[in-house]
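Reviewing the structure listed below.
Each ligand, and each atom within it, is numbered from 1 in the order the structure gives.
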Amino acid sequence: MKRSKIKTIKQEKKAGEEALVKGWVRTVRHQKNFSFIELNDGSTLSCLQIIADSSLPNYTAIVERLATGASCAVAGILVESLGTKQAIELHAKEIEIIGECDSQHYPLQKKRHSFEFLRTIAHLRPRTNTIGAVMRVRNVLAFATHVFFQERGFIYLHTPIITASDCEGAGELFNVSTLDKEDPPRNKRGEIDHSHDFFGKLAYLTVSGQLNGESYACALSDIYTFGPTFRAENSNTSRHLAEFWMIEPEMAFADLSDTMDLAQIYLKYLIGEVLIKCPEEMEFFDRVIRKGTIARLQEMIDKPFQKISYIEAVEQLAKSGRVFEFPCHFGCDLQSEHERYLCEEVYKGPIILYDFPKAIKAFYMRENEDGKTVAAMDVLFPGVGEIIGGSQREDRHAILVEKMDRMGLDKEPYWWYLELRKYGSVPHAGFGLGFERLIQFVTGMENIRDVIPFPRTPNHAPF
Ligand code: ATP
Ligand code: MN
């Protein structure tokens, strides 16, 4: 007989049919002449209840050795359940114990464990209801991302993970080097000489695929990337990882308002897909992790995101009468306390902030007519803050050169980026979505470390 996943059994099979399932035991209860086994195979949140009675030839072994955490295969016949918790259960005709579990040492006991504790057993935590559900939602969001962009003619672009041009925030880069750590080659001044390094210079792990993405958008029209990015920022918050996944669409012949429209329909589409494809998981998150999650998501789909210029936002903060830790005036970078106040208390929903002062934004963002602001936008979500950052790119060669000079940037590594503005330049725009921040919002999970399989944060990469 072919193995069935428990999800398929629950959705498609009926009482009277035979079935073979394989999975891990969540709990076992032994009665006098029979046992109840709750089996989970990760295909769905709920377990399949198995009834094993003493007529099984290896019943004694089952009672003695089939403990929580053990893996087994069960063949039997599906019967309607008398219990109220499930519609169907499996009456075992044959049970094979595949891998025993030393229940004395198995760290996942029946009680509820803290997420902090579960991070110390990251290799086993996918066997818990919460982490299992998060990863199924993550999977649906990833797949939906591809469907969304593919249906709109965006080309999936694989941008490099290793880069040799240190773009943007120099302090946040992880170095990539193969020089001898004990005795690296040095120049006359005693500095490490990276001309002998693997790439002939010091290289880094990418913080964004955007600049490379722009070059392909300026040829293929619409592209998107979906890959890991790295930030060596020492921020121990519940919203920052050292390694996270980013989705970066880039569109040619497009401006800032096109990115706002795209961001909005994309986010709404993703949320809609999760509500359709993960009803069991979402009901669980709503009940166990954060009350009202489903209603919040539904509202997100129904209501348009509010668009607020940076200047309006600063005015709102000024007249709020609130005392913020970091007072805000025109020119300040909004802190998460400001973002949360705007999102959660003033506008009570997602907002799109746009037209930021040029001094606080990256060099590649297109300067507005006012000479003070750039065509940038951030999408802010209640609870998580910034989820998307995007902009229209500066497509005018002379203005970009002047700006880089003013900012004291070395133009040499960007020669190719500048050439895109010389040979058939077009207005283009795009954004970056932090995938884990989105998963946090959708699931209601407090900490970003619990929505990625193996989190990397300062002082922490043990698995
Ligand atoms: P923040 O101000 O929250 O640190 P940022 O301005 O550094 O974000 P961008 O450089 O614009 O963010 O990156 C694009 C998106 O990537 C952000 O909107 C956010 O969703 C996500 N992101 C940024 N840094 C991290 C991080 N360290 N861990 C997880 N996601 C991140
Ligand atoms: Mn940051």
Side-chain angles (χ1 to χ4, degrees), residues 138 141 145 159 163 166-174 204-211 213 224-250 256 259-260 262-264 266-267 270 305 310 313 326 328 332-340 342-343 350-354 356-357 359-365 374-393 429-442 445-461:
R138 186 178 171 114
L141 288 169
T145 289
T159 48
T163 62
D166 120 350
C167 91
E168 296 188 75
E172 301 187 346
L173 296 161
F174 285 103
Y204 311 92
L205 293 181
T206 186
V207 294
S208 155
Q210 180 201 316
L211 303 191
Y224 68 106
T225 73
F226 188 172
T229 46
F230 307 87
R231 305 265 168 108
E233 53 191 354
N234 199 3
S235 35
N236 268 301
T237 76
S238 59
R239 307 176 309 123
H240 288 90
L241 291 163
E243 178 181 284
F244 65 98
W245 288 66
M246 191 141 70
I247 294 142
E248 296 181 279
E250 187 75 32
L256 188 70
T259 67
M260 295 191 204
L262 184 74
Q264 189 164 174
Y266 170 47
L267 288 167
L270 290 181
F305 295 6
Y310 170 90
F326 302 94
C328 194
C332 82
D333 205 354
L334 296 182
Q335 303 291 324
S336 92
E337 55 172 343
H338 307 129
E339 296 178 350
R340 296 193 65 161
L342 290 168
C343 240
I351 54 180
I352 307 181
L353 289 181
Y354 63 94
F356 288 84
I360 59 170
K361 288 288 181 185
F363 77 91
Y364 52 72
M365 298 184 178
V374 286
M377 65 103 181
D378 280 356
V379 179
L380 310 183
F381 269 15
V384 284
E386 182 188 330
I387 195 157
I388 280 182
S391 66
Q392 184 172 342
R393 322 304 186 187
F431 62 77
L433 166 74
F435 192 46
E436 285 75 17
R437 299 236 179 122
L438 173 75
I439 304 167
Q440 270 190 286
F441 178 77
V442 168
M445 293 294 286
E446 279 287 317
N447 199 308
I448 198 164
R449 292 160 211 220
D450 302 322
V451 301
I452 189 163
F454 294 100
R456 271 84 180 91
T457 51
N459 290 312
H460 192 90

Taking [X] for its side chain and [Y] for its backbone only, find out whether a donor-acceptor pair lies under 3.5 Å.
X: Gln210; Y: Gly430; result: no
X: Glu172; Y: Val207; result: no
X: Glu337; Y: Phe326; result: yes

Of all heavy-atom pairs linking Glu339 and Gly385, the shortest is OE1-CA, 3.8 Å
Does the side chain of Val379 reach to within under 4.5 Å of the side chain of Phe431, using non-hydrogen atoms?
no
Under a 4.0 Å heavy-atom limit, does His240 contact ligand 1 with its side chain, its backbone, both, or neither?
both
Ligand 1 versus Met246, non-hydrogen atoms closer than 4.0 Å: side chain, backbone, both, neither?
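The answer is the side chain of Met246.
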Give the single entry among Gly432, Ala232, Gly434 that approaches atom 21 (C) of ligand 1 most closely by any heavy atom.
Gly434
Quick test of your reading of the structure: of Glu386, Glu243, Arg456, whose heavy atom lies closest to atom 17 (C) of ligand 1?
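Considering heavy atoms of Glu386, Glu243, Arg456, the nearest to atom 17 (C) of ligand 1 sits in Glu386.
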So, do Phe435 and Phe226 have ring centers that fall under 6.0 Å from each other?
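Centroid distance Phe435-Phe226: below 6.0 Å, so yes.
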Proximal atoms of ligand 1 relative to [X] (non-hydrogen, under 4.0 Å):
X: Ile388; answer: 18 (O)
X: Ile448; answer: 29 (C)
X: Glu233; answer: 24 (N), 26 (C), 27 (N)
X: Arg231; answer: 7 (O), 9 (P), 10 (O), 12 (O), 13 (O), 23 (C), 24 (N)
X: Gly389; answer: 18 (O)
X: Arg239; answer: 28 (N), 29 (C)

Quick check: does Phe244 get an N/O under 3.5 Å from an N/O on ligand 1?
no
For ligand 1, find out whether one of its N or O atoms is nearer than 3.5 Å to an N or O atom of Ile387.
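Yes - when backbone and side-chain N and O of Ile387 are compared with those of ligand 1, one distance drops under 3.5 Å.
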When you check the side-chain N and O atoms of His460 and Thr457, is any donor under 3.5 Å from an acceptor?
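Looking only at side-chain atoms, Thr457 and His460 do not form any donor-acceptor pair under 3.5 Å.
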Listed partners of Cys328 passing disulfide bond (SG atoms under 2.5 Å apart), at least two apart
Cys332
For Tyr354, all residues meeting ring pair (Phe, Tyr, Trp, His ring centres under 6.0 Å), sequence neighbours excluded
none
I'd like to know whether ligand 1 has Glu436 as a neighbour, heavy-atom separation below 4.0 Å.
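Checking ligand 1 against Glu436, which is what was asked, there is no heavy-atom contact under 4.0 Å.
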